[in-house]
Protein chains: 2
Amino acid sequence: MTTSRRTTLKHIAHELGITTTTVSCILNDTGGKYAEETRKKVLDTAKRLRYRPNALASGIRGGKIHVAGVMIQNRGHFSTEIINGIHDKLLENQTIMFLTWNSAKHTKSWDETAEQRTIHHLIDRRVDGIILSTSNENFDHCYFEEIWERNVPLILVDRQIPSISADFIGTDNQVLGALAAKHLLDLGHKRFLFCSNSHVGNAVQREEAFAGVLSSQPGTTFRSIDFMATDCSDQLRDAFGSAATRPTGVLCINDWTAIEVRRVAAAMGLEAPRDFSIIGSGDQHFTDPFAQNLTTFDQKPYWIGQCAAQCYLSRVHSQRKKGDPQIITIKPELLLRGSTAPLSP
Amino acid sequence: MTTSRRTTLKHIAHELGITTTTVSCILNDTGGKYAEETRKKVLDTAKRLRYRPNALASGIRGGKIHVAGVMIQNRGHFSTEIINGIHDKLLENQTIMFLTWNSAKHTKSWDETAEQRTIHHLIDRRVDGIILSTSNENFDHCYFEEIWERNVPLILVDRQIPSISADFIGTDNQVLGALAAKHLLDLGHKRFLFCSNSHVGNAVQREEAFAGVLSSQPGTTFRSIDFMATDCSDQLRDAFGSAATRPTGVLCINDWTAIEVRRVAAAMGLEAPRDFSIIGSGDQHFTDPFAQNLTTFDQKPYWIGQCAAQCYLSRVHSQRKKGDPQIITIKPELLLRGSTAPLSP
DNA sequence: TTGAAAGCGCTAACAT
DNA sequence: ATGTTAGCGCTTTCAA
């Protein structure tokens, strides 16, 4: 079919009347001493024939293929930046990545098995390791076992899976919760609300840290609402209903939730920062009007990505034994954009 | 070294006292008739041993590996959406992608050879084809030749390379220029400006279309500024300097340029839409204040990505002959966000 | 209905 | 300083 077969070691060897071994060793600088003349001939011919090694063939022999499998949630600017960080660090180390999302953004054809099939794509192509940001902390463990049994290094990003002992790089939720609490307290707020959209680890930790700092302050009240609840809008309207008890210091698990809260509040005639102060997280660069002046946390996603890739590389190359997982947390930075203000008297 | 060798066809065959051929044929449903009993035993054993095929080994035999190489410019939300489109369409077809940017976002270690080295990464891993958004329309052709000679299908996205006869999917610049002109004319503007940041094909085509529509209207003036010019700020200040001749209808090649224009104008006390109307392009979701109410074009990047992947797939699978490049243009949509207004009297 | 054998491109151990 | 050989995991004739 193909008229022009791609040039292989054999072609070069044949052309020069030598062995593929010789050619291989010279091109890879392995195996020591070869005549300068031979070396030159080989290099010249390789260049002339535009030889390019076949990484599949070397990979098949059990070596590393210098490819990482990356599977990540599709969450806008935040995950894009994580990917950028991973990409740049990997490429510095001659490694490229299979990138897959664990959900299709616009296509609805994403059934429950799709995530698992994607993992299989990665395994079948024999990636050296996998960097993963899970969509669901509690889903079926069976394909983690698949990864685990194969001794494929697994690095988790942003979302930890409690039952899996793998390396993890994510946001320092203690710091995040504490910074938010401190900022709102400094502005004079007394009644606080924490809004999450699911009961994931990040939410639990942030709520604990947030509430923890608040509880040390006399005269404060705290309440939390989970947007996964079916009656969350009711809860929110209830919380905002009475001016006397209305929370004025609100921390949200992410920018989506913050926007949603502002939308519900707006429908009640309440707006930030006039009537309440609100903080999101993730710096998602939304075009939604309610996101424009939203004070939020920069979770340093690019840096998270870099750390994840660094961790990946050290796992893949040094083959640290599993069982000593490395946990790295990155301190977030509060970005003051204008949705918080001193408590109006 | 590794205690647990991954299970291969040989393991299954050995366990059952049959040949790898049989196992292979049964698992792949090739080669016709096998006893139902054998078939069942093979499938059961494969599942029990968690067999997964080695795509490297099949790939080495010259077949497709169902992997696309994707190299794309790092341009925020716009390219992220293109990638999403590509990803979803590819995955529907059991294909995954190597994703690489042709520039590092934050790292400065990006010399001129890096882009070429990245192409080599893709070629060495024997991708079935390449989807490429170039950083530079005029750069060295040598690695296109490398791709070309290998009969690797090449699909260009967003930026065309005039000298290469490859498939191309991008924005319909005629429509974009015309829509912008029409919108601004409807608002009563008479003096127009087009700002680009380099002399790429997209800029040339949009300027032509924009100016073309304007020229059919009596009493209009047109001027263009290239932000690649060293004295571009001077030119801009010059253009905005006199109230009598100041352009009030401005089209920019992208949102970056639009923001830059607004910044310079702001320094002169001019703001949109009060003193002039301005349109960007790309809907980049910037957090910059000057981007907040910026009227811009949605270039449908997700759809561009889907089309690119579709085109890729048809190339890779049907092996259409090269030499009949397919050019697909996607119509952009004007997003009215508030940086344009009727000409004030 | 199943098996034997060759080969994809490359590498590594072991000669010479 | 260079060559021989075997084998990675799989597929593909061709034979039994």
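In what follows, every chain begins at residue 1, and chains take the letters A, B, ... in the order their sequences are listed. Both backbone and side-chain heavy atoms feed into the values below; hydrogens, waters and symmetry mates do not.
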> With a 4.0 Å limit, can you tell me whether Ser58(A) has a side-chain N or O closer than that to the phosphate oxygens OP1/OP2 of dC10(C)?
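So the side-chain polar atoms of Ser58(A) never come under 4.0 Å of the phosphate oxygens OP1 or OP2 of dC10(C).
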> If I take atom CZ in residue Arg61(B) and atom C1' in nucleotide dA6(C), what distance separates them, rounded to the nearest angstrom?
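In whole Å, dA6(C) C1' lies 9 Å from Arg61(B) CZ.
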> Rounded to the nearest Å, what distance is computed from the CG atom of residue Leu56(B) to the P atom of nucleotide dT11(C)?
14 Å
> Starting from C1' on dC8(D), measure out to CD1 on Ile65(A) and report it in whole angstrom.
14 Å
> Please pick, from dC10(D), dT11(C), dG3(C), the nucleotide with the shortest atom-to-atom distance to any side-chain atom of Thr22(B).
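Within the option list, the nearest is dG3(C).
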> Rounding to an integer number of Å, can you tell me how far Lys64(A) NZ sits from dA12(C) C1'?
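From Lys64(A) NZ to dA12(C) C1': 17 Å.
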> Can you tell me how far P of dT11(D) sits from CD1 of Ile60(B), to the nearest Å?
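Computing the Ile60(B):CD1 to dT11(D):P distance gives 12 Å.
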> Among residues 33-46 of chain A, which residues get a heavy atom nearer than 4.0 Å to DNA chain D?
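Hits under 4.0 Å, by residue number: Lys33(A), Tyr34(A), Ala35(A), Thr38(A).
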> Calculate, to the nearest 0.5 Å, the distance between atoms CD1 and CG belonging to Ile131(B) and Leu156(B) respectively.
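Answer for the CD1-CG pair, Ile131(B) versus Leu156(B), is 10.5 Å.
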> With axes from five pairs an end, tell me the bend angle of the helix from dT1(C)-dA16(D) to dT16(C)-dA1(D), nearest 10°.
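Here the local axes at opposite ends form an angle of 40°.
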> Under 4.0 Å between a side-chain N or O of Thr21(A) and OP1 or OP2 of dG3(D)?
no
> Within this structure, what is the OG-CD1 distance for the pair Ser133(A) and Ile83(A), rounded to the nearest 0.5 Å?
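Rounded to the nearest 0.5 Å, the OG-CD1 separation comes out at 9.0 Å.
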> Can you say whether the rings of Trp101(A) and His87(B) are parallel (under 30°), tilted (30 to 60°) or perpendicular (over 60°)?
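Perpendicular.
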> Is there a side-chain polar atom (N or O) of Asn28(A) under 4.0 Å from OP1 or OP2 of dT11(C)?
yes
> Using atom types as modelled, flag every donor-acceptor pair under 3.5 Å from a side chain in residues 14-22 of chain B to any protein atom, sequence neighbours excluded.
from: Glu15(B); atom 1: OE2; to: Arg48(B); atom 2: NH1; distance (Å): 3.4
from: Glu15(B); atom 1: OE2; to: Arg48(B); atom 2: NH2; distance (Å): 2.6
from: Thr19(B); atom 1: OG1; to: Thr22(B); atom 2: OG1; distance (Å): 3.4

> What distance separates Arg125(B) CZ from Leu56(A) CG, expressed to the nearest 0.5 Å?
9.5 Å
> Rounded to the Å, how far apart are Leu16(B) CG and dT2(C) P?
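It is 11 Å, rounded to the nearest whole Å.
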> Could you state the interatomic distance from CG (Asn151(B)) to CZ (Arg315(B)), rounded to the nearest 0.5 Å?
11.0 Å
> Within this structure, what is the CG-to-P distance between Leu9(B) and dT11(D), rounded to whole angstrom?
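After rounding, the gap between these two atoms is 6 Å.
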> Look at Lys10(A) and dC8(C) and indicate whether a side-chain polar atom (N or O) is within less than 4.0 Å of OP1 or OP2.
yes
> Only one of Leu313(A), Val67(A), Ile96(A) clears side chain to side chain contact (heavy atoms under 4.5 Å, CB included) with Leu90(A); which?
Leu313(A)
> Whether Thr19(B) contacts dT2(C) is assessed here as follows: a side-chain N or O lying under 4.0 Å from the phosphate OP1 or OP2. Is that the case?
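Negative; the distance criterion is not met.
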> Rounded to the nearest 0.5 Å, how far does CG of Leu99(B) lie from CG of Leu122(B)?
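Answer rounded to 0.5 Å: 9.5 Å.
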> Determine whether the side chains of Asp124(A) and Asn54(B) contain a donor N or O and an acceptor N or O closer than 3.5 Å.
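No pair is found: no donor N or O on one side chain lies under 3.5 Å from an acceptor on the other.
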> Output the rounded distance in Å from CG (Asn54(A)) to C1' (dC8(D)).
13 Å
